[in-house]
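One structure is given below, encoded as structure tokens.
Just so it is clear: chains get the letters A, B, ... in the order the sequence lines come, proteins before strands, and each one is counted from 1. Note that these values count all heavy atoms, side chains included, but never hydrogens, waters or copies made by symmetry. The shown structure was predicted, so the numbers you read here are calculated from the model rather than taken from an experiment.
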Number of protein chains: 2
Amino acid sequence: MVEPGDPLHATCEEPVFDPLVGEDGAGTLTIAEAAAATGVSTHTLRYYERAGLMRDPVARATSQHRRYSAGDIRWVTFLTRLRTTGMPIREMARYARLAGAGEGNEAERLALLTEHRRRVLERLDEVQRNLAAIDKKIAVYQEIAVYQERIDR
Amino acid sequence: MVEPGDPLHATCEEPVFDPLVGEDGAGTLTIAEAAAATGVSTHTLRYYERAGLMRDPVARATSQHRRYSAGDIRWVTFLTRLRTTGMPIREMARYARLAGAGEGNEAERLALLTEHRRRVLERLDEVQRNLAAIDKKIAVYQEIAVYQERIDR
DNA sequence: CTAGAACCTGGAGCGCACTCCAAGTCAAAA
DNA sequence: TTTTGACTTGGAGTGCGCTCCAGGTTCTAG
């Protein structure tokens, strides 16, 4: 038995809930449930853990089955934000290592995220510029379509 | 030597200049020059051609060396716009096949580009939403930085 | 004429981010 | 208790978009 809601070690990172509440993981999610909750496949969840993206290894039931805490779910959700904005796995691993090391490296984490943000904005701008060029081509084809229509009637 | 600017067969696609002007490719570019002009490596230029991205095979000198026309360069430049906006090679090949087939399939090309545009905008939106979430995390770390500063003085 | 750079080809190799497989363990329902 | 399905692991496989290699031909400068 473990008391829930330990008010200690409340870090600024992810509000950590006790991973194993009650007997063998009550209040936690199986890997399939975590997959459903985050939109990431079970394969990928295991892969992410192997790749060092989880700050700390995910808690286990006595059966060795993974038990995802609410904090784990929030963390994975944040990982997906980094991923869909194009951060490479290696860099996510570096961020996870920093976050897993606890307080004291916030400046480094800030720098990492800020630099990522800069690259994302750069990329967004590049895509938008190229899309504008494609839009021009689209406009040309729309002209042709109008012309065809005139012929067809 | 040949006069520049043939006003004939001015299509709506890429204004085509004679690929082989004068003796064995005057007014055209070698693959290295084409690479410099487009920002695509010579390896990739050959790969693109193999992958069917060139509408028609690039013209050759008698030596079998490739000779890129101005139209080829514009085409490759447009290909890079499709690529940097995330179009897969397979789809670019399909577009190239349509463009290579000449007039009559403009509606299909328009549909392809329009659908691509839709997906790009969707993706841009997704990235922006996720970036906004990352921005919030950045703001948290900036708060911490300000707090640290207060401690340090 | 010759050296060295640039080009050619088919095919292999690479890095990334998954995705799946095999063989075994564990768990919830009949 | 037995079946069925979810879970475990290490490692292999996949798809994509290049990127490079080997072995040969061609071009260009001296």
Side-chain angles (χ1 to χ4, degrees), chain A residues 19-20 22-26 28-54 57-68 72 76 79-96 116 119 123 127 130, chain B residues 20 23-26 28-54 57-68 72 76 79-96 116 119 123 127 130:
Chain A
L20 290 171
E23 261 125 48
D24 214 18
T28 62
L29 303 184
T30 66
I31 194 167
E33 290 164 343
T38 59
V40 170
S41 77
T42 58
H43 295 301
T44 302
L45 283 174
R46 293 194 198 95
Y47 165 66
Y48 277 6
E49 190 173 345
R50 261 191 288 179
L53 264 47
M54 289 306 290
V58 174
R60 301 298 179 114
T62 52
S63 63
Q64 286 298 96
H65 289 192
R66 289 176 179 79
R67 288 294 118 92
Y68 287 80
D72 289 334
V76 171
L79 288 180
T80 64
R81 299 200 192 290
L82 296 178
R83 271 303 296 137
T84 63
T85 52
M87 184 182 285
I89 297 293
R90 299 183 70 85
E91 199 170 346
M92 287 165 62
R94 187 167 150 246
Y95 182 68
H116 176 60
R119 284 194 304 255
R123 175 101 184 93
V127 170
N130 283 297
Chain B
L20 289 172
E23 264 123 50
D24 216 19
T28 62
L29 303 184
T30 67
I31 195 167
E33 290 163 343
T38 59
V40 170
S41 78
T42 59
H43 295 301
T44 302
L45 284 173
R46 293 195 199 95
Y47 165 66
Y48 277 5
E49 191 173 343
R50 262 190 288 179
L53 263 47
M54 289 306 289
V58 174
R60 302 297 179 113
T62 52
S63 63
Q64 287 298 97
H65 289 192
R66 289 175 179 79
R67 287 294 117 92
Y68 288 81
D72 288 335
V76 172
L79 287 181
T80 65
R81 299 200 192 290
L82 295 178
R83 271 302 298 137
T84 62
T85 52
M87 185 182 285
I89 298 294
R90 297 183 71 84
E91 199 170 346
M92 289 164 62
R94 185 166 152 248
Y95 182 69
H116 176 60
R119 284 194 304 255
R123 174 102 184 93
V127 170
N130 282 298

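A distance of 5.0 Å separates CZ of B:Arg83 from CD1 of B:Ile89, quoted to the nearest 0.5 Å. The CZ atom of A:Arg60 sits 4.0 Å away from atom CZ of A:Arg66, with the distance rounded to the nearest 0.5 Å. Atoms CG and OG1, from B:Leu79 and B:Thr38 in turn, are 9.5 Å apart once rounded to the nearest 0.5 Å. Remark: A:Leu53 CG to A:Thr44 OG1 distance equals 11.0 Å, nearest 0.5 Å.
The interatomic distance linking B:Leu79 (CG) with D:dG17 (P) rounds to 13 Å, in whole Å. Residue B:Ile89 contributes atom CD1, which lies 13 Å from atom C1' of D:dT19 at whole-angstrom precision. Here C:dT9 presents its C1' atom at 12 Å from CD1 of B:Ile31, a figure rounded to the nearest Å. Whole-Å rounding puts the A:Leu82 CG to C:dC16 P distance at 17 Å. The distance from atom CD of A:Gln64 to atom P of C:dA27 is 10 Å, rounded to the nearest whole Å.
When atom types are taken as modelled, the side chain of A:Glu33 and the backbone of A:Thr30 share a donor-acceptor pair closer than 3.5 angstrom.
A close approach under 4.0 Å does occur between a side-chain nitrogen or oxygen of B:Arg66 and OP1 or OP2 of C:dC8. Look at B:Arg90 and you won't find any side-chain N or O under 4.0 angstrom from OP1 or OP2 of D:dG15. For C:dC7, the OP1/OP2 oxygens have a side-chain nitrogen or oxygen of B:Thr30 closer than 4.0 Å.
Only A:Arg46, A:Arg50, listed by number, bring a heavy atom of residues 39-54 of chain A to less than 4.0 angstrom from any atom of DNA chain D.
Between B:Met87 and B:His65, the residue anchored closer to the 5' end of DNA chain D is B:Met87, taking for each the nucleotide with the nearest heavy atom.
When the nucleotides C:dC7, D:dC18, D:dT8 are ranked by their closest atom to the side chain of A:Arg60, D:dT8 comes out on top.
Two residues are said to be in side-chain contact when any heavy atoms from C-beta on lie closer than 4.5 Å; B:His65 and B:Ile31 fail this criterion.
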